[in-house]
Amino acid sequence: MTDSASLVFVVDDDDSVCRALARLIRSAGYRVETFGSARAFLDRMPVDACPACLVLDIQLPEVSGLELARELDTALPIIFITGHGDIAMGVGAMKAGATDFLSKPVSDTDLLGAIAQALERAVQARTIRRELDALRARVERLTPREREVMALVVTGLLNKQVASELGTVEQTIKAHRKRVMAKMEATSLAQLIRIADKIGLSGVAQSRAQR
Amino acid sequence: MSILMLGERGQMLMVNPQTARLFGYECDELIGKPVELLVPALHFDSHVRDKAGMFAAQECDDRTPLHELSARRNNGTEFQVEIGLNAFHFGDENVTLAFMIDRTERHELERIRRDLAHLTRISTVGQLASSLAHELNQPLTAILSNVQAAQRFLVADRIDLAEVREILNDIVQDDFRASEVIRRLRAVVKKGDLEVVSLDLAGIVRDVVMLVRSDAIVRGTSVALDIEDDVPPVHGDKVQLQQVMLNLLLNAFDAMKDVPAVDRVVSVKLMRESRSMVCIAITDHGHGLPADKLDKIFKPFFTSKPQGLGLGLSISRTIVGMHHGRLWAENNIDRGATFFVALPVGDATDQDESRQRP
């Protein structure tokens with residue numbers, strides 16, 4: 001059986017199709033929630049509690065599947081299903097961030113395969129997101145001055161250069177730098193640079209701006 | 001028109017030159033000959049005298065004062081004529097005046113009109129083909145997923161029979177749904193005799209709106225239905241009135257293809273207009289029609305669409321006219337246009353003679 005904590009959302013305006021897809025997905029051991037419209041699904045968001053993916057009909061009345069995908073903005077992997085797919089629509093779907101594009105009627109192996117892949121992606125995305133969250137939390141612990149120091153240190157400047165940049169002496173920068181390393185739980189400059197890389201220098205700067 | 005004066009036994013006393021020409025004789029050749037020579041089914045029986053001068057083979061019917069019979073030319077070819085008979089006294093003799101019109105042309109015209117209407121119906125349905133495919137695809141999708149879900153449930157250690165039962169029920173429902181799509185489609189493309197029956201317009205309107213449902217979704221258009229309660233039935237042919245509705249709805253969709261998606265709404269209203277009339281109003285929010293085109297659009301071969309035949313509206317108007325109703329267009333005060341179909345309430349329509357469905 002597959003990870004039972006995983007959740008699959010199905011959005012299709014056709015009640016009967018919704019029910020049938022839900023059964024098929026449930027038969028593979030996933031939990032399923034169905035929605036008759038894009039709006040109903042948006043009302044249910046956010047969906048961050050567990051790895052999840054979305055099986056989405058492109059032709060929906062009011063808010064279409066593509067519009068919903070754009071709105072979600074890669075918040076979760078999307079498998080598009082459509083009754084009459086053409087190349088243009090497929091391209092549109094992929095641009096909107098689809099992980100898969102299947103045509104109706106969809107066979108169990110195609111759909112369940114696509115779901116397994118999408119969920120794997122969701123798990124990876126969650127791992128990355130968690131790691132990022134943890135790193136950002138560490139950045140939050142830095143004082144504004146320590147942030148400035150970190151931002152400059154990771155660009156490869158020597159302590160001396162950082163000091164002149166910030167209008168202070170090397171000794172002070174050395175002390176700041178030690179605290180930055182401790183708070184960021186980095187054991188080497190290389191590690192600190194990798195962290196800065198992951199959250200982005202702007203991540204460091206943005207946090208500073210928020211203060 | 002050919003005119004003949006017939007004696008008591010059906011012998012031709014006088015014929016006009018048109019008669020001779022129509023049948024390929026000289027006038028003199030015909031005088032004294034029995035009228036059966038020209039119209040074999042026109043039997044005169046001197047012992048029986050009825051109002052029109054003994055028309056034994058044909059029943060006289062108030063609704064069909066004209067008889068349609070086949071006539072034979074000098075060269076043996078047959079053709080249809082319409083005959084009116086009037087009996088009167090001429091001196092001591094009972095004579096019958098017969099009027100005949102060549103029906104061939106009218107028949108031909110009617111046949112062409114019928115074929116044309118059928119063709120437009122087919123081409124209209126052709127426009128719908130992709131959305132009808134979608135309409136069939138939905139139940140097929142549900143059926144496939146249900147069956148495959150059931151197959152997977154059945155290999156489980158503990159089979160959930162309740163679930164399997166529900167699945168089977170859903171499959172049955174979806175099968176009905178698919179055949180309903182086919183039924184509606186078939187009803188529209190059917191070519192056959194006109195069937196004038198008492199019709200529930202609300203049902204017709206709903207059927208056609210269902211037929212275009214996925215077409216509307218694909219085009220990002222929604223249809224708002226507003227059907228008054230207790231709209232009385234009308235007399236008419238279901239397929240023909242469906243054709244009119246279908247045509248007007250698709251036109252409304254087309255009229256709005258350039259407007260922003262939020263405005264793409266077609267409202268369909270069915271209401272009682274007066275004691276004797278009911279009215280269907282189909283309102284779009286497109287760009288409306290130039291004032292000088294409001295009536296031109298109903299002329300044959302008038303079209304604003306590159307792929308259009310320009311026959312939809314003209315045939316729709318003919319159909320509505322045959323139902324003793326009226327079809328017209330008006331621009332809305334704010335934007336777009338409304339097409340109105342006014343039809344007489346049930347009893348107001350004479351039960352037409354059975355015509356052929358176009």
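Chain identifiers are assigned alphabetically (A, B, ...) following the order of the sequence lines, protein sequences preceding nucleic acid strands; residue numbering begins at 1 within each chain.
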Q: State the CD-CZ distance between B/Glu163 and A/Arg23, to the nearest 0.5 angstrom.
A: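 Answer rounded to 0.5 Å: 5.5 Å.
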
Q: How long is the straight-line distance from CD of A/Gln59 back to CZ of B/Arg219, given to the nearest 0.5 Å?
A: 13.5 Å

Q: For a side-chain contact (heavy atoms from CB on, under 4.5 Å) with B/Gln148, tell me which candidate from A/Thr109, A/Leu111, A/Asp108, A/Leu112 qualifies.
A: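 Exactly one candidate clears the test, A/Asp108.
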
Q: Please say whether more than 12 non-hydrogen atoms of neighbouring residues, nucleotides or ligands are located less than 6.0 Å from CZ in A/Arg121.
A: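 No.
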
Q: Within a 6.0 Å radius of atom NZ on A/Lys183, are there more than 12 heavy atoms belonging to other residues, nucleotides or ligands?
A: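 Enclosed.
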
Q: Need one label for B/Arg177: side chain, backbone, both or neither, based on atoms under 4.5 Å from any heavy atom in chain A.
A: side chain

Q: Checking B/Asn137 side chain against A/Gly83 main chain: does a donor-acceptor pair fall under 3.5 Å?
A: yes

Q: Step by step, would you call A/Arg19 with B/Glu166 a salt bridge (charged side-chain N to carboxylate O under 4.0 Å, His left out)?
A: CA-CA 10 Å; A/Arg19 265 206 311 282; B/Glu166 270 179 40; over 6 Å; no

Q: Which atoms of B/Ile167 come close to chain A, meaning under 4.5 Å heavy atom to heavy atom: side chain ones, backbone ones, both, or neither?
A: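 Both parts, heavy atoms under 4.5 Å.
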
Q: If you count heavy atoms of other groups shown closer than 6.0 angstrom to CZ of A/Arg39, is the number above 12?
A: no

Q: Quick one: what part of B/Asn146 sits under 4.5 Å from any heavy atom of chain A, side chain, backbone, both or neither?
A: both

Q: For B/Ser145 and A/Leu21, work out which heavy atoms get closest and say how close.
A: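 The answer is OG-CD2, 3.4 Å.
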
Q: Between A/Val17, A/Ile81, A/Leu60, A/Ile58, which shows the greatest number of heavy-atom pairs under 4.5 Å with chain B?
A: A/Val17

Q: Not counting sequence neighbours, which residues clear ring pair (Phe, Tyr, Trp, His ring centres under 6.0 Å) with B/Phe253? List them please.
A: none

Q: What's the shortest heavy-atom distance between A/Ala20 and B/Ala142, and which atoms?
A: CB-O, 3.3 Å

Q: Between B/Asp170, B/Leu140, B/Val262, B/Leu144, which has the largest tally of heavy atom pairs under 4.5 Å with chain A?
A: B/Asp170

Q: For chain A, which residues from residues 221-229 of chain B lie under 4.5 Å away (heavy-atom distances)?
A: none

